[in-house]
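Down below is the structure, laid out as structure tokens.
Proteins get letters first, then strands, A, B, ... in listed order; numbering begins at 1 in each. Please read these numbers as outputs of a predicted model, since none were measured by experiment.
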Number of protein chains: 2
Amino acid sequence: MTARPLKRPPVLADVARAAGVSVPTVSRVLSGVTRVSDDKRVQVMRAIEELGYHPNAAARALVTGQRSIIGVLTGDTTRYGYASTIQGIEEAARSAGLVVAITVVGAADEDAVRAAVGLALGQPLAGVIVLEFDIQGSRALAALPDTVAVAAVSSTAGNGRIPRALFDDHQGGWDATNYLLGLGHRTVHHVAVPGSGRPSGRMLGWREALKAAGAPVPRPLETDWTARSGYDAALRLAKRDDVTAVLCGNDEVAFGVIKGLQDAGLRVPDDISVAGFDDHPLAQLWTPALTTMAQDFAELGRSAVGFLLGRLTGDQFEAPSANLHLVVRDSTAPPRPAAAS
Amino acid sequence: MTARPLKRPPVLADVARAAGVSVPTVSRVLSGVTRVSDDKRVQVMRAIEELGYHPNAAARALVTGQRSIIGVLTGDTTRYGYASTIQGIEEAARSAGLVVAITVVGAADEDAVRAAVGLALGQPLAGVIVLEFDIQGSRALAALPDTVAVAAVSSTAGNGRIPRALFDDHQGGWDATNYLLGLGHRTVHHVAVPGSGRPSGRMLGWREALKAAGAPVPRPLETDWTARSGYDAALRLAKRDDVTAVLCGNDEVAFGVIKGLQDAGLRVPDDISVAGFDDHPLAQLWTPALTTMAQDFAELGRSAVGFLLGRLTGDQFEAPSANLHLVVRDSTAPPRPAAAS
DNA sequence: CTGAAAGCGCTTACAG
DNA sequence: CTGAAAGCGCTTACAG
């Protein structure tokens, strides 16, 4: 680090000295609230420019109580849904002049949750947004004290104390399953992603749709979110002869399932139909192109910021987002006559 | 936001009062530097627990000069390489007790860069890490004053003033091209991703390898990083008859290229070989499984944090990371006898 | 070991 | 319009 010696960052007093005015005057120029004479304003601006001054947000936050950081607590940052939601949060935050501080909750045990929450709360936060996509998210949400403003992105409504940008997982599972049933499949198997403690909404929707149709409810297979684990699940599925349609917990898993089935010598959708969840950018380029429940994660992230900043309330509060819809592509089809019998 | 009334967060003085001690004593318990009598320590701990006290990092940063935020300036957060790098940064930061604040540089124009940099510098930063993967990154790096500690993740060495975790793009392009040439292809076409202002290192490596082998250097096709634009490029490539091998700027683009070629009626690798860059998690599940230059982005991110915290210096400083290596899978093969002639 | 005092860099009343 | 003063929540010498 010797390569780049750091100067002491200039502070307000340096600017004041360089401009020949008092400290409060510089502050006024910066905030623009009170009028400042033109000549002083000009001198101050020039001094700021020359010194490369940037106000110290810590000091500012200390006195105004104004916080310019939105904390995000999440179990992951790289998977499609997570990354897109974070992208939406960052966009909305930036346009509100806020920065996004991310803390990953690395595990669901008490220590990890407590450490992550403590780390986040150690910052001067305007509020925190929790991605309640998994257990880590749920635990983090529960561990947050009521001294911070909180909003969540969730698939299930809570107790109403915390505003949530909701995606209607349950409805999605129901719709996707009914679509597959409507194609003529006797039942639909489910390859599940980890839920946030309890069964995921999409799994519940899937189960209810089967029951409502009087279809048998096969035991769901579990994955760890990865395409690889979807692949492994598919290998098990391929050994059975009662499988004609599979609904996957997300698209990455669906990609793995398709590949696994293909490697086992089965054709998708001719032998088995596969549907996913999320509408991953690669879904339309997969072979076959993946039928999936599309969700607008970035919009969800933006809504959460809206809730946090108090710009969204009322009927949008905990109301399911209307952005969920089925995108039918080539990975689903009616069962083959033989299998459908 | 009325759903969840906020209490005023407890401050040190509240804890001191509750524990019946002075403010500095609480501070000492927290920091653990100076000895504090056991009974007072216990009372303080209890008060902290009961009140749910979290120290105000802004106030702490103000007096100690210790900053607990690493700012990350990046052009994107969702694409594989970016997201993985950020993941590595977050991991290393968290284990050092730091939080990661992300600011996306939305565009390369001066206003956008200045706004993003200003937003980031407005925080009490321990330092900033710039992802120099694109023009936005380069511009942001250039716009940073020398009052902040900076590290970058880059593919090209700089002037030595800023520590960079390097990935040797240039070598990667060279190696991948030579591998394809070694298979017997007369030349290799290139579908490029946007560089950071100048041609990307991988493109340079590709070009040099062709020249060194005396192979013709076809004009590269440009994309915007997306699989979709790779698909479009493939459609153009498919119309030519001199294409037998294609090196893509990244895997997402390669996925699109493969799909585009297939949709145009060509077989990969029988008619045309395709190789990518990065080793995206879906590369091994693609059909055909993608041959690609693997890069350990998370490690790059961790190194950048190491540089920033001054834990990494000397020979690792601006030294290419050794993690770049070719992973040969099924998307590449020798040219067909006819085409190779 | 522990408390009173000073100060980090800012902003906000308070006087002029 | 503008400066001197006080204070945000902490930590760090300084005295005891």
Task: Strand DNA chain D in bracket notation, Watson-Crick/G-U under 3.5 Å with | for pairs to another chain - done: |||.||||||||.|||

Open item on the list: Quick check on DNA chain C: between B:D38 and B:T64, whose nearest nucleotide comes earlier from the 5' end?
Closed with: B:D38

Task: Output field: ring centroids A:F167/A:F133 closer than 6.0 Å - done: yes

Task: Sugar-phosphate only, base, or nothing, as touched by A:S31 at under 4.0 Å among non-hydrogen atoms - done: nothing

Open item on the list: Go through it in stages, so that I can follow the logic: the residues are B:S68 and A:Q123, the test is side-chain hydrogen bond (donor to acceptor under 3.5 Å, both in side chains), and I'd like the CA-CA distance, side-chain angles, deciding distance and then a yes or no.
Closed with: CA-CA 8 Å; B:S68 54; A:Q123 310 311 130; 3.1 Å; yes

- [ ] Using a strict 4.0 Å threshold on nitrogen-to-oxygen distance, state whether B:R114 and B:D111 make a salt bridge.
- [x] no

TODO: Taking heavy atoms of chain B and a 4.0 Å limit, find me the 5'-most and 3'-most nucleotide of DNA chain C within that range.
DONE: C:dC1 to C:dG9

TODO: Check whether any side-chain N or O of B:E132 sits under 3.5 Å from a backbone N or O of B:L141 as a donor-acceptor pair, and report yes or no.
DONE: no

Task: Pairing of A:D76 and A:R79 as salt bridge, 4.0 angstrom limit - done: yes

Task: N-O pairing of B:E50 and B:R46 below 4.0 Å - done: no

TODO: Could you tell me whether B:E110 and B:R139 make a salt bridge, using a distance below 4.0 angstrom between a side-chain N and a carboxylate O?
DONE: no

- [ ] Taking the six-membered ring for Trp and the single ring otherwise, decide whether the centroids of B:W225 and B:Y82 are under 6.0 Å apart.
- [x] yes

